[in-house]
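In what follows, a single structure is set out as structure tokens and then discussed.
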Amino acid sequence: MNTSNQASQNSFFERCYLVVQRIPYGKVTTYGAIARHLGAGKSARVVGWAMNNSHDRDIPAHRVVNRIGVLTGKHHFGGTHIMKQLLQSESHQFDGDQILNFKDVFWDPTDD
DNA sequence: ACGGTGACCACTT
DNA sequence: TAAGTGGCCACCG
């Protein structure tokens, strides 16, 4: 949990960052989709970790949610509902922490 | 070098 | 149909 080692992350993390940055405005994707796109379909957790470090970069981590469209990482996102606020700014609708019409706003990196 | 951790996903009861 | 458990990969101390 140290922020002084960001320079060490040069392969998997950056790979995640690139994909997240490719997420179009008004769309979202999932950790599993990213992981699978990178060829590590089972390392979705690592993607979450990358998002954790993404705070040091300009990564729209708020556009990344779990496979059911729930903002699992909102607590890690600066503390509270900022993640939700950002997504709402992108015309997303919520039911609590669940994105409505998630399937409709879902963006698959492979479909890019 | 080893064990523990994590913003998850899929399979099995 | 719903809930529970394990597995998986990479990073940190």
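Within every chain, numbering begins at 1; the chains are lettered A, B, ... in the order of the sequence lines, protein sequences first and strands thereafter. Being a predicted model, the structure only gives us computed values, none of them experimental.
Atom pair E14(A):CD and dC11(C):C1' shows a separation of 15 Å (rounding to whole Å applied). For I99(A) and dA7(B), the CD1 to P distance is 18 Å, given to the nearest whole Å. Going from atom CD1 of I34(A) over to atom C1' of dA7(B) covers 11 Å, rounded to whole Å. M51(A) has its CE atom 15 Å from the C1' atom of dC9(C), to the nearest Å. For the pair N52(A) CG and dC8(B) C1', the interatomic distance rounds to 14 Å; values are reported in whole Å. Counting to the nearest Å, the C1' atom of dC11(C) and the CZ atom of F13(A) are 6 Å from each other. Between F12(A) atom CZ and dA7(B) atom P there is a gap of 16 Å when expressed in whole angstrom units. Rounded to whole angstrom, the span from the NE2 atom of H75(A) across to the C1' atom of dC8(B) amounts to 16 Å.
Contact check for V65(A) versus I99(A): side-chain heavy atoms found under the 4.5 Å cut-off.
Closest to the side chain of V46(A), from the set dA7(B), dG6(B), dC9(B), is dG6(B). Side-chain atoms of R36(A) lie closest to dA10(B) of the nucleotides dC9(B), dA10(B), dG6(B). Candidate nucleotides dC11(C), dC8(B), dA7(B) were compared by shortest atom distance to the side chain of H55(A), and dA7(B) ranks first. When distances run from any side-chain atom of M83(A) to the nucleotides dC9(B), dA10(C), dA7(B), the shortest one goes to dA7(B). Ranking dG7(C), dA10(C), dC9(B) by closeness to the N66(A) side chain, first place goes to dC9(B). Nearest to the side chain of H76(A), among dC12(C), dC9(B), dA7(B), sits dA7(B). Relative to the side chain of K42(A), the nucleotides dC8(B), dC11(C), dC8(C) differ in distance, and dC8(C) lies closest. Ranking dA10(C), dC8(B), dC12(C) by closeness to the W49(A) side chain, first place goes to dC12(C). The T72(A) side chain lies nearest to dA7(B) when the options are dA10(C), dA7(B), dC9(B).
Among the heavy atoms of the strands lying under 4.0 Å from A61(A) is at least one base atom, whether or not backbone atoms are also near. Residue contacts for R67(A): at a heavy-atom cut-off of 4.0 Å it reaches the sugar-phosphate backbone alone, with no base atom in range.
Between dC8(B) and S43(A), no contact under 4.0 Å exists linking OP1 or OP2 to a side-chain N or O.
Ion pairing between a basic and an acidic side chain is recognised when a charged N comes within 4.0 Å of a carboxylate O; R63(A) and E90(A) show such pairing.
Separation of the H55(A) and F77(A) ring centroids falls under the 6.0 Å cut-off.
Evaluation of atom-type donor-acceptor distances gives no pair under 3.5 Å for the side chain of H62(A) against the base of dA7(B).
We find the NE2-CG distance between H81(A) and L71(A) to be 12.5 Å, quoted to the nearest 0.5 Å.
Distance alone, capped at 3.5 Å, is enough to place a donor-acceptor pair between the Q98(A) side chain and the I68(A) backbone.
Between Y17(A) and F13(A), the ring planes are perpendicular. Angles over 60° get that label, and only those under 30° would be called parallel.
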